[in-house]
Number of protein chains: 2
Amino acid sequence: MEQHSPSKKIKSILADRKAYTTPHRQAIVNLLAQSKPMSAQDIISALKKADINRATVYRELKFLKELGLIEELQLPGRKKYYEIQKHHHHHLICTRCHTIKQLELPRLVCKLLADITYINNCTITNHNLEFSGLCNRCQKYL
Amino acid sequence: MEQHSPSKKIKSILADRKAYTTPHRQAIVNLLAQSKPMSAQDIISALKKADINRATVYRELKFLKELGLIEELQLPGRKKYYEIQKHHHHHLICTRCHTIKQLELPRLVCKLLADITYINNCTITNHNLEFSGLCNRCQKYL
DNA sequence: TTGACAAATGCGACAAAGTCGCATATTATA
DNA sequence: TATAATATGCGACTTTGTCGCATTTGTCAA
Ligand SMILES: [Zn+2]
Ligand SMILES: [Zn+2]
Ligand SMILES: [Zn+2]
Ligand SMILES: [Zn+2]
């Protein structure tokens, strides 16, 4: 467990952007580093001991996303979810129990998605690819 | 232009579900049939002459989606967008001008996405695949 | 054609998610 | 340790969406 304090890498990314290494910022990064994708409200609740203001959490999530330290997921529904991706991946959200599972995807797929740029004469910087359906537990019950 | 009144097909879908063919319902379907993807607020504004209540528009969109008459898009951002898809497709939302463009995608891609079911032992019913980047106009300016 | 009954609508209050300006507090660094 | 830049709390506000309930409208069969 050498993840209690922010890594050198994160510290240098913050320093490059003249951003401070504050307790709140660390708390959010540490929380996401060891959890499933969370909504802003999930994070506010999870950190209620740390007593972080709602607005601060929203600002922080926006900022950390801009820095590329966290990913923002657009799953079906009206909230955004956030996570730290060790490697690029996508998800399934179960329409029955609402669990979010990481999915295995052939590497070919994401490579193909990058090529869409050339076909369409545009500049793609990101793709949002999420699935809905039944997780392996729920598909037994329906 | 034979699309002024709801098609036989739509009428029969509505009848099957014991749903009425009301002016508001027709207005929303007709509007989406001849426009780019629109948010609920876009639709409310566009139909302000028809004086449809906000709640009615939201209820209607939910209902038409359940019927499969319209598609709900989860683009990056916090609104949902709605459209009538003549054929399944995906979009690019421009991070500079926020225009939504329909994208050409190799057919192979959506076929691969269906196979994820077998790899992951789950039941996929839908995929949400949307892109962000620069549209062909905006990429000239940056 | 006309009830009768189900479905749709308007209204207004509410809820959830997110944003903003401004005064205060904290951080880095010299 | 002083300073300047950054971060935070607070509270009001906005946007997006939902709900219950009274009223109106659409459908269908008599
Ligand atoms: Zn499930
Ligand atoms: Zn990918
Ligand atoms: Zn553009
Ligand atoms: Zn597809």
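First the proteins, then the strands, lettered A, B, ... as listed; each starts at 1.
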Of the candidates C:dG10, C:dC20, D:dT25, the side chain of A:Ala55 sits closest to C:dC20

How many Å lie between CD on A:Gln41 and C1' on D:dG17, as a whole number? 17 Å

Rounded off to whole Å, could you give me the CG-to-P distance for the A:Asp51 and C:dT26 pair? 13 Å

Between D:dG26, C:dG10, C:dA28, which nucleotide has the shortest distance from any of its atoms to the side chain of B:Pro23? D:dG26

Minimum-distance nucleotide (side-chain atoms of B:Thr21 versus D:dT27, C:dT9, D:dT16): D:dT27

Whole Å only: how far is the CZ atom of A:Arg59 from the P atom of C:dC22? 14 Å

Ranking D:dT8, C:dA8, D:dT27 by distance to the side chain of A:His24, first place goes to D:dT8

Please report the distance, rounded to the nearest Å, between NZ in A:Lys18 and P in C:dA30. 11 Å

Could you pick out which residue, A:Arg78 or B:Thr22, lies toward the 5' side of DNA chain C when each is mapped onto its nearest nucleotide? B:Thr22

For B:Ser39 and B:Asp42, does a side-chain donor sit closer than 3.5 Å to a side-chain acceptor? yes

Do B:Thr22 and B:Gln26 have side-chain atoms, one donor and one acceptor, less than 3.5 Å apart? no

For B:His90 together with A:His127, are the ring centres under 6.0 Å from each other? no

Salt bridge check, B:Glu60 against B:Arg25: does any charged N sit closer than 4.0 Å to a carboxylate O? yes

Let me know the distance between CG of B:Asp16 and P of C:dA7, rounded to the nearest Å. 14 Å

Polar pair under 3.5 Å, donor/acceptor by atom type, side chain A:Arg54, base D:dG9: no

Name the nucleic acid region contacted by B:Arg25, choosing base, sugar-phosphate or nothing; use a 4.0 angstrom heavy-atom cut-off, strictly under. sugar-phosphate

Which nucleotide wins on minimum distance to the side chain of A:Lys79, given the candidates C:dA17, C:dG18, D:dT18? C:dA17

Among D:dT18, C:dT9, D:dC10, the one nearest B:Lys62 by side-chain distance: D:dT18

Integer-rounded Å distance: C:dT26 C1' and A:Ile52 CD1: 14 Å

How close or far is atom C1' of C:dT19 from atom CD of A:Glu66, stated in whole angstroms? 14 Å

Counting heavy atoms from C-beta on, name the nucleotide in D:dA7, C:dA7, C:dT19 closest to the side chain of A:Tyr20. D:dA7

Nearest-Å distance, OH (A:Tyr82) to P (C:dA17)? 12 Å

Is there a donor in the side chain of B:His89 and an acceptor in the side chain of B:Glu83, or the other way round, less than 3.5 Å apart? yes

Residue A:Lys80, side-chain atoms from C-beta onward, closest of C:dG10, C:dG18, C:dA28: C:dG18

